[in-house]
There are 2 protein chains.
Amino acid sequence: MALKGRKDRERERRRKTILKAARKLFFKRGYNPVTVSDIAKKVELSKGAVYLYFSGKEEICAQILLDDIAKFHGEVLPIFNGLASASEVITSFAHMYVDFFLKDRELFRILMKFMLHANNLDLPEDTNIRIIRETNRAISVTENIFQYGIDKGEFVLKKEDIRTMRNAFWGMLNGIISLHLFMGRESTKKERIRSNVNACLNIFIEGLKKTG
Amino acid sequence: MALKGRKDRERERRRKTILKAARKLFFKRGYNPVTVSDIAKKVELSKGAVYLYFSGKEEICAQILLDDIAKFHGEVLPIFNGLASASEVITSFAHMYVDFFLKDRELFRILMKFMLHANNLDLPEDTNIRIIRETNRAISVTENIFQYGIDKGEFVLKKEDIRTMRNAFWGMLNGIISLHLFMGRESTKKERIRSNVNACLNIFIEGLKKTG
DNA sequence: AAGCTAAACTGACTGTTGGTCACCGTTTGA
DNA sequence: TCAAACGGTGACCAACAGTCAGTTTAGCTT
C-alpha cells in the first residue's frame, strides 16, 4: 500500500469530523431522532457531502461503534498486566465493560441494536464483517481470561466448556446493563449497577472455582 | 363497569383481527420492514381504519408484546405446582423463558426494543405503563422463586440480596438469548442455547446454595 | 497565465412511510 | 323520518433517507 498523500489525510480528517459531530448528536438525542441533515449542518456541509464519506446513517453509526470498541480494547488489554488472579482479571474486566458501555447509554443501545439485528442491516459488506469481527474479538477476550484461570489452576473448568462460560458471562453483563437501562430512570446510580455486577460475579466466580 | 354490548365486542374482534395480521407480518418480515398499509391490506381495511383502533404502528407492536407476556404468564404459573425444589422451579422457568422468546425471534427483538427504549417511545400513556407493569410482573416471578428457595432453606441468600439476584438472573437470560441471536446464523440449534442456559444455571444455582 | 481534469461539494429532488382529515355511506334510536 | 353517531375511506401531508445533475474548487500541465 502506497503512503497516504495529503488528500487522503484530509479525507480521513473530514470523516473523523463528521463522526465526531454525529457521535455528539447521537449520544445527546439518540440515534433515531437525529437526521443526516442535522449531522451535515453541524459540520457545515450539505447532506450530499456526508454521503460522499459514508454510505448512510447506519454506516456512520456502525463506525462510531467500531471506534468505541477499539477504544475499549485499548483500555482493557493493559489490565492483564499487574493483576495476579484470574478472578481479579475477570472482575476488572466486567467493571470496565459495564462502565464503558454505560458512560453513554446510547452507545449500549447501539451495540445491542447491532447485536440484535446482526446481519439484517444494510451496511457495506466490509463494515458488517468488521462489526462482527470486532465484537467477536471483544468476546474472545473473556475466553482468554477463562483459559488463564484454568492454566493457573484457579478455575475448575473443562476446556470444552470455556465457550459456554464465555457466552454465559458475556450475556450476563449485557443482560444486567440492559435491565438497568430499562428499570432505572435516568437517575439510576452507577453504584447500584456495580453492586449488582459484583453480586453476580461473586456467584459466577465461586461457581467456576467449585463446579467443573 | 357496564356489560359490553355487541358494538364493543365487534370492536374488540376487529382489534384482535388487526393484531393477528400484524403479528404474522412482524414475525415473518421483522418490525421495521412492515408498513401500516401492509397490515391494513392484510385485513382488507384502509390505512385510516387501522388508526381508528390503534394510535399507531408502535402501539400495535406494544399490544402484541403485552399479549405474549400475558400468555407467558399463563404458561409459567402452573409450573410452580408439581415441582419440588426451588432449583427445579428456577430451571424450568429459565427454559420456558428462553424457549418462549426464541419461538419467534422477532418477539425477543421487540421485547429488547421496549426494554432499551423504555420511556422513549411515543405510546399512549397507559400502554406505556402497562408495558412496564407487565414486564415487571414477569421479573417479579423470579423474585418469588428466590424467596421460595430461601423459605425452603435451599438457597443461602440474604433477604436484601433477592433483588440483586433477580436482576442478575433475569439479565443473564436476556443476555444469553441476545448473544445467541447475534452469533447464531438462522441455523442456530435450540439445543445449543439450552445447554448454554443449563451450564449457566448450574453455576448460578450452585452459587446460590453455597454463597450467602 | 490559461486551460483542463478530477475531486469536493451543493441542494433540489425522489420515494417511502407514518400519520391525518374532510368526507361518505350505514346504522341507530328518538 | 331524520339527524346524530359510527365505521370506514383514500387522498393528502410532513418527515426523512438517499440520489444526482450540475457547480465550484484545487491542483496539474503546457
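Convention: sequence-line order gives letters A, B, ...; per-chain numbering from 1. Note: hydrogens, waters and symmetry copies are ignored here, and every other heavy atom, side chains too, is used.
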Side chain of A/A49 only, please: which of C/dT10, D/dC16, D/dT9 is the nearest? C/dT10
Specify whether B/F93 and B/Y97 have parallel, tilted or perpendicular ring planes, treating 30° as the upper limit for parallel and 60° as the lower limit for perpendicular. parallel
Starting from P on D/dG8, measure out to CZ on B/R15 and report it in whole angstrom. 14 Å
Touch class at under 4.0 angstrom, heavy-atom based, for B/R11 against every strand present: nothing
Side chain of B/K47, base of D/dG10: donor and acceptor closer than 3.5 Å? no
Round to a whole Å and report the spacing from CG of A/L45 to C1' of C/dA8. 9 Å
Of the listed nucleotides (D/dG10, C/dT17, C/dC9), which one gets closest to any side-chain atom of A/S46? C/dC9
Ignoring backbone atoms, establish whether B/Y53 has a side-chain N or O less than 4.0 Å from OP1 or OP2 of D/dG8. yes
Students often get this wrong, so: under 4.0 angstrom with heavy atoms, is A/G56 touching a base, only sugar-phosphate, or nothing? sugar-phosphate
C/dC9 C1' sits how many Å from A/Y51 OH, rounded? 15 Å
With sugar-phosphate meaning primed atoms plus P, OP1 and OP2, does B/V34 contact a base, only sugar-phosphate, or nothing at under 4.0 Å between heavy atoms? sugar-phosphate
Take the protein atom NZ of B/K57 and the nucleotide atom P of C/dT16, then report the distance between them rounded to whole Å. 15 Å
Quick one about A/T35 and A/D38 (side-chain donor to acceptor, distance below 3.5 Å, no hydrogens or angles considered), yes or no? yes
In whole angstrom, what separates B/E59's CD from C/dG19's P? 11 Å
Distance, rounded to the nearest Å, where B/K41 contributes NZ and C/dG18 contributes C1': 16 Å
Could you say whether A/T35 or A/G48 is positioned toward the 5' end of DNA chain D, judged by the nucleotide with the nearest heavy atom to each? A/T35
Would you check if there is a donor-acceptor pair between the side chains of B/N198 and B/H95 at a distance under 3.5 Å? yes
Nearest whole angstrom, please: distance from the P of D/dC16 to the CG of A/L25. 13 Å
Find out whether the Lys NZ or Arg CZ of A/K57 is both under 6.0 angstrom from the six-membered ring centre of A/F26 and within 45° of the ring's axis. no
Which atoms form the tightest heavy-atom contact between B/A168 and A/C200, and what is the distance? CB-SG, 3.2 Å
Could you give the CG-to-C1' distance, from A/L52 to C/dA6, as a whole number of Å? 13 Å
